[in-house]
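Following: one structure in structure tokens, then a few remarks.
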There are 2 protein chains.
Amino acid sequence: MSTDLVFTALADPTRRTVLDTVAARQGITATQLAADLPVTRQAVAKHLQVLADAALVEGERAGRETRWRATPAPLTDAIAWMANVGAAWDDRLAALERATRGRNGS
Amino acid sequence: MSTDLVFTALADPTRRTVLDTVAARQGITATQLAADLPVTRQAVAKHLQVLADAALVEGERAGRETRWRATPAPLTDAIAWMANVGAAWDDRLAALERATRGRNGS
DNA sequence: ACAAAGCGCAACCCATGAGTTGCATGACAC
DNA sequence: GTGTCATGCAACTCATGGGTTGCGCTTTGT
């Protein structure tokens with residue numbers, strides 16, 4: 001489905017760091033994220049938007065700040081694609097596909 | 001380690017199609033790949049080079065043609081990263097990490 | 001009421017990358 | 001030996017994307 005958005009979102013190292021941090025510190029804000037990164041808040045905001053388009057994060061406005069939290073479901077699609085590519089000649093990846101199948105969260 | 005190269009390689013849709021096709025038809029050549037794609041042979045060759053840099057494919061010269069075949073090992077790293085990000089709040093992804101651990105093929 | 005904090009939007013650089021054409025080289029067929 | 005097929009390399013175009021600055025808006029605190 002939207003595998004393309006997911007892979008695109010994961011392609012950038014800074015964006016992976018953002019996702020990683022959001023996953024570790026749920027409810028973090030863009031300003032807080034930017035404080036630990038060598039980029040501006042606006043750059044972080046853009047990354048969050050890309051991640052949100054891929055449904056990897058979700059933002060909720062709380063007063064004057066926006067709390068971000070990670071939503072892992074789309075990662076399953078990406079893993080499924082990799083497993084499908086690898087399954088033909090690698091049973092280990094086939095096992096991974098088996099682990100994901102039928103449990104796609106929402 | 002070289003997770004960056006893997007994610008970058010997987011980011012492009014055409015490149016994913018190339019990898020997909022190479023996985024399905026091991027020993028395929030760049031010219032054959034280009035025949036089924038809306039891009040030129042040189043474009044395919046570039047994609048194959050990127051995939052090779054990420055160690056996702058391997059080319060072997062056989063006479064005047066180069067046979068390409070897929071090598072799945074780096075996908076495990078990518079999956080491991082995703083599983084690590086997701087593991088904190090999603091046990092399904094934690095199960096995936098368990099499935100990959102300790103079996104990193106070469 | 002006023003100042004500061006946090007955010008979103010828009011315009012703007014600039015580097016990277018996907019794709020192309022052109023050409024030169026090595027291998028196969030006859 | 002000559003023509004052809006597949007490849008590799010180089011130069012070039014062009015769009016996309018990561019990053020920035022600047023501004024205006026809403027919310028919070030005093």
query = What nucleic acid atoms does Thr66(A) come within less than 4.0 Å of, heavy atoms only: base, sugar-phosphate, or nothing?
reply = sugar-phosphate
inquiry  = Need one value for Ala45(B): base, sugar-phosphate or nothing, where a base atom within 4.0 Å counts as base even if backbone is also close, heavy atoms only.
reply    = nothing
note = Judged by nearest nucleotide, the residue sitting upstream toward the 5' end of DNA chain D, Arg15(A) or Thr29(B), is Thr29(B)
inquiry  = Need to verify one output field. Residue with the more 5' nearest nucleotide on DNA chain D, Gln49(B) or Ala62(A)?
reply    =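 On the 5' side of the pair lies Gln49(B).
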Please report the distance, rounded to the nearest Å, between [atom1] in [X] and [atom2] in [N].
{"X": "Asp12(B)", "N": "dG17(C)", "atom1": "CG", "atom2": "C1'", "answer": "9 Å"}
{"X": "His47(B)", "N": "dG19(C)", "atom1": "NE2", "atom2": "C1'", "answer": "8 Å"}
{"X": "Gln42(B)", "N": "dG8(D)", "atom1": "CD", "atom2": "C1'", "answer": "9 Å"}
{"X": "Asp4(A)", "N": "dT16(D)", "atom1": "CG", "atom2": "P", "answer": "14 Å"}
{"X": "Glu65(B)", "N": "dG8(D)", "atom1": "CD", "atom2": "P", "answer": "11 Å"}
{"X": "Arg64(A)", "N": "dG6(C)", "atom1": "CZ", "atom2": "P", "answer": "6 Å"}
{"X": "Arg41(A)", "N": "dT20(D)", "atom1": "CZ", "atom2": "C1'", "answer": "12 Å"}
{"X": "Lys46(B)", "N": "dC9(D)", "atom1": "NZ", "atom2": "C1'", "answer": "11 Å"}

key: Straight-line distance of Leu37(B) CG to Thr21(B) OG1, nearest 0.5 Å   =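 With rounding to 0.5 Å, CG (Leu37(B)) is 6.0 Å from OG1 (Thr21(B)).
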query = When rounded to the nearest 0.5 angstrom, what is the spacing between CG in Leu48(A) and CD in Glu58(A)?
reply = 12.5 Å
ask   = Are any of the side-chain nitrogens in Asp20(A) or Arg25(A) under 4.0 Å away from the carboxylate oxygens of its partner?
value =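 A salt bridge is absent here (no side-chain N lies under 4.0 Å from a carboxylate O).
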query = Are Arg67(A) and Glu60(A) within salt-bridge range, i.e. N to O under 4.0 Å?
reply =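 Glu60(A) and Arg67(A): not salt-bridged.
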task = Choose from dG19(D), dT20(C), dG8(C) the nucleotide whose nearest atom is closest to any side-chain atom of Val39(B).
result =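 The listed nucleotide nearest to Val39(B)'s side chain is dT20(C).
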request  = Could you tell me whether the phosphate oxygens of dG19(D), OP1 or OP2, come under 4.0 Å of any side-chain nitrogen or oxygen in Thr14(A)?
outcome  =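 For dG19(D), OP1 or OP2 has a side-chain N or O of Thr14(A) closer than 4.0 Å.
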ask   = Taking only N and O in the side chain of Thr40(A), is any of them less than 4.0 Å away from OP1 or OP2 of dG19(D)?
value =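 So the side chain of Thr40(A) is outside the cut-off, no N or O lying under 4.0 Å from OP1 or OP2 of dG19(D).
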message = What I'd like to find out is whether the side chain of Leu10(A) reaches to under 4.5 Å of the side chain of Met82(B), using heavy atoms alone.
response =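 Heavy-atom side-chain distance check passes, below 4.5 Å.
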